[in-house]
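Read the structure below first, then the notes.
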Amino acid sequence: MSVTPVSLFSDNFTTLNSVNKSTLNDNRKVNSFDSIFNAAIDMYRETDSLQKAAESAEISFALGYTNSIHDVALAQQKANISLQYTTKITNSVVSAYKEIMGMQL
């Protein structure tokens, strides 16, 4: 029985390992962008749902289905804060993008 030294396999293993690392890094880049993009979409969806909830509360109060002006004001304030937050985040991202695009290489 003969034993083959590990050094004979090192070239194939090193090449395979470097390919796997580059693929893993590419997947991490895609996953991080994907997660950021999905978070942004979720933020817009949440803002939209809060705006619709505020509108629904206003209509319910106007039609007399509820007597609580407090619920209407609360729904409007939630929608307003969410919209302000979404706008500030969007403006910050656009500003950062413009700054990056303006950089000289």
Side-chain angles (χ1 to χ4, degrees):
M1 178 168 130
S2 67
V3 176
T4 307
V6 175
S7 63
L8 292 176
F9 297 111
S10 65
D11 290 336
N12 291 337
F13 181 74
T14 304
T15 305
L16 181 61
N17 196 16
S18 66
V19 169
N20 286 338
K21 282 183 182 177
S22 68
T23 305
L24 181 62
N25 287 338
D26 291 342
N27 287 340
R28 285 183 185 163
K29 289 177 186 174
V30 169
N31 288 338
S32 65
F33 176 77
D34 188 42
S35 65
I36 292 171
F37 186 70
N38 285 334
I41 290 173
D42 291 341
M43 183 176 60
Y44 284 109
R45 285 183 181 154
E46 183 178 0
T47 300
D48 185 52
S49 69
L50 288 171
Q51 292 286 332
K52 288 179 181 178
E55 184 179 347
S56 175
E58 291 170 5
I59 291 172
S60 294
F61 183 75
L63 294 176
Y65 295 135
T66 105
N67 294 331
S68 176
I69 190 70
H70 176 72
D71 291 339
V72 175
L74 185 64
Q76 288 175 338
Q77 191 63 27
K78 282 183 183 179
N80 186 26
I81 290 171
S82 179
L83 182 61
Q84 288 177 358
Y85 177 74
T86 302
T87 304
K88 285 189 185 233
I89 295 294
T90 303
N91 290 342
S92 298
V93 169
V94 169
S95 175
Y97 175 77
K98 286 181 181 179
E99 187 174 330
I100 289 171
M101 294 309 290
M103 286 182 181
Q104 300 264 335
L105 294 178

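To the nearest 0.5 Å, atom CG of residue Asn91 and atom OG1 of residue Thr87 are 6.5 Å apart. To the nearest 0.5 angstrom, Arg45 atom CZ is 8.0 Å from Asn38 atom CG. Here the CD atom belonging to Glu46 is positioned 10.0 Å from the NZ atom belonging to Lys78, to the nearest 0.5 angstrom.
Looking at every heavy atom in both residues, Gln51 comes nearest to Ala79 through NE2-O, 3.2 Å. Between Ala75 and Ala53, the shortest heavy-atom distance links the atoms CB-O, 4.4 Å. Here the closest heavy-atom approach between residue Val72 and residue Phe61 is recorded as CG2-CB, 3.5 Å.
Residue pairs meeting the salt bridge (charged side-chain N to carboxylate O under 4.0 Å, His left out) criterion with at least one member in residues 49-65, sequence neighbours excluded, are Asp48-Lys52.
Cluster partners of Leu50: none. The rule joins Ile, Leu, Val, Met, Phe, Trp and Tyr whenever side-chain heavy atoms lie under 4.5 Å apart, and it links nothing here. Other residues sharing the hydrophobic cluster of Ile59, ordered by chain and number and joined by side-chain separations under 4.5 Å: Leu63, Tyr65. The hydrophobic cluster containing Met103, built from Ile/Leu/Val/Met/Phe/Trp/Tyr side-chain heavy atoms closer than 4.5 Å, comprises no other residue. Summarising the hydrophobic clusters (Ile, Leu, Val, Met, Phe, Trp, Tyr; side-chain heavy atoms under 4.5 Å, direct or chained), the residues clustered with Tyr97 are Met101.
Annotation: side chain to side chain contact (heavy atoms under 4.5 Å, CB included) contacts of Thr86 (sequence neighbours excluded): Met43, Tyr44, Thr47, Ser82, Thr90. In this structure Ile100 satisfies the side chain to side chain contact (heavy atoms under 4.5 Å, CB included) test with no other residue, sequence neighbours excluded.
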